[in-house]
Visitor: 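One structure follows; several queries about it will come next.
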Amino acid sequence: MKSTFDLMRLWAMLTGLVLAAWYFGELYLGAKATDTLPMLVAAIGGFELFHYAQDIWLKRGRTNG
């Protein structure tokens with residue numbers, strides 16, 4: 001069973017992917033993209049990168065045995 005925090009990270013990832021696809025879809029179709037959309041994508045991406053690096057750091061600190 002996943003924890004609530006893991007599920008929040010999953011929803012953040014899915015939301016970021018949808019927003020990124022929306023942004024690139026607007027660029028592809030020639031529509032004027034708002035300034036807010038890339039900032040949202042960057043914020044969610046930063047959230048995920050931070051927690052990915054934190055997971056690596058915590059796993060590195062564990063000792064086996």
Visitor: Side chain to side chain contact (heavy atoms under 4.5 Å, CB included) with Y23: which residues, sequence neighbours excluded?
Guide: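 Once residues adjacent in sequence are excluded, the partners of Y23 under the side chain to side chain contact (heavy atoms under 4.5 Å, CB included) criterion are L27, A33, L37, P38.
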Visitor: With hydrophobic residues grouped by side-chain heavy-atom distances under 4.5 Å, do M13 and V18 end up in a single group?
Guide: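 Hydrophobic grouping puts M13 apart from V18.
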Visitor: Would you mind listing the cluster partners of M8? Hydrophobic ones only (ILVMFWY), side-chain contacts under 4.5 Å, chaining allowed.
Guide: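 Other cluster members: F5, F47.
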Visitor: Which pairs, with at least one residue in residues 34-56 and sequence neighbours excluded, count as a side-chain hydrogen bond (donor to acceptor under 3.5 Å, both in side chains)?
Guide: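 Pairs touching residues 34-56 that pass the test: R9-D55, H51-Q54.
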Visitor: In the single-linkage hydrophobic clustering (I, L, V, M, F, W, Y; side-chain heavy atoms under 4.5 Å), do I56 and L49 co-cluster?
Guide: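 Different clusters: I56 never reaches L49 through Ile, Leu, Val, Met, Phe, Trp or Tyr contacts under 4.5 Å.
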Visitor: In the hydrophobic clustering that connects Ile, Leu, Val, Met, Phe, Trp and Tyr at side-chain heavy-atom distances below 4.5 Å, which members other than Y28 occupy its cluster, ordered by chain and number?
Guide: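 Members besides Y28, by chain and number: L29.
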Visitor: Please list, chain by chain and in numerical order, all residues satisfying side chain to side chain contact (heavy atoms under 4.5 Å, CB included) with I44, sequence neighbours excluded.
Guide: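 A12, T15, L19.
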